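Notes follow once the structure below has been shown.
All values reported here derive from a predicted model rather than from experimental measurement.
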Amino acid sequence: SPKLIDAIKQPVIAIDLEQEWPDAFYGYGLVHDTYLDQPLIHHDGKINGFGSSLAYCPHQNLTVGVLSNMENSAPEALAKALLQELLETA
């Protein structure tokens, strides 16, 4: 429902990683922070040799998803590289 989608987009708890990411928040399974001065909502994960990264830039209406089935892959790094390329050409 639209109400649920709006709720999961809201930041809930500040992530205080020794002030490394002062604008990072966690909310309902998603991390809310900024990347290249753009708001970013994302979630990364790895388990049993599989990895994924899903990132959404709401102001650009841009979503990047990366899936991997390689043990030593870095889908979050690839997602950020793709975001950088796409945001710089927008």
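Residue Tyr56 holds its OH atom at 5.0 Å from CG of Asn61, rounded to the nearest 0.5 Å. The distance from atom CG of Leu54 to atom NE2 of His43, rounded to the nearest 0.5 Å, is 9.0 Å.
The side-chain heavy atoms of Gln38 and Leu87, taken from C-beta on, include a pair separated by under 4.5 Å. For the pair Leu40/Thr34, no side-chain contact is recorded, criterion being any heavy-atom separation below 4.5 Å from C-beta on. Considering only heavy atoms from C-beta on, Leu30 stays 4.5 Å or farther from His42 through its side chain. The side-chain heavy atoms of Leu62 and Leu83, taken from C-beta on, include a pair separated by under 4.5 Å. Contact annotation: the side chain of Tyr35 approaches that of Gln84 to within less than 4.5 Å [non-hydrogen atoms, C-beta and beyond].
In terms of hydrophobic clustering, with Ile, Leu, Val, Met, Phe, Trp and Tyr side chains grouped at heavy-atom distances under 4.5 Å, Leu78 and Val64 are assigned to a common cluster. Leu67 and Leu82 fall into different hydrophobic clusters, defined by Ile, Leu, Val, Met, Phe, Trp and Tyr side-chain heavy atoms under 4.5 Å apart, directly or through other members.
Side-chain atoms of Lys46 come within 3.5 Å of backbone N or O of Ser73 as a donor-acceptor pair.
Among all heavy-atom pairs drawn from Pro75 and Val66, the shortest one is CB-CG1, 3.7 Å.
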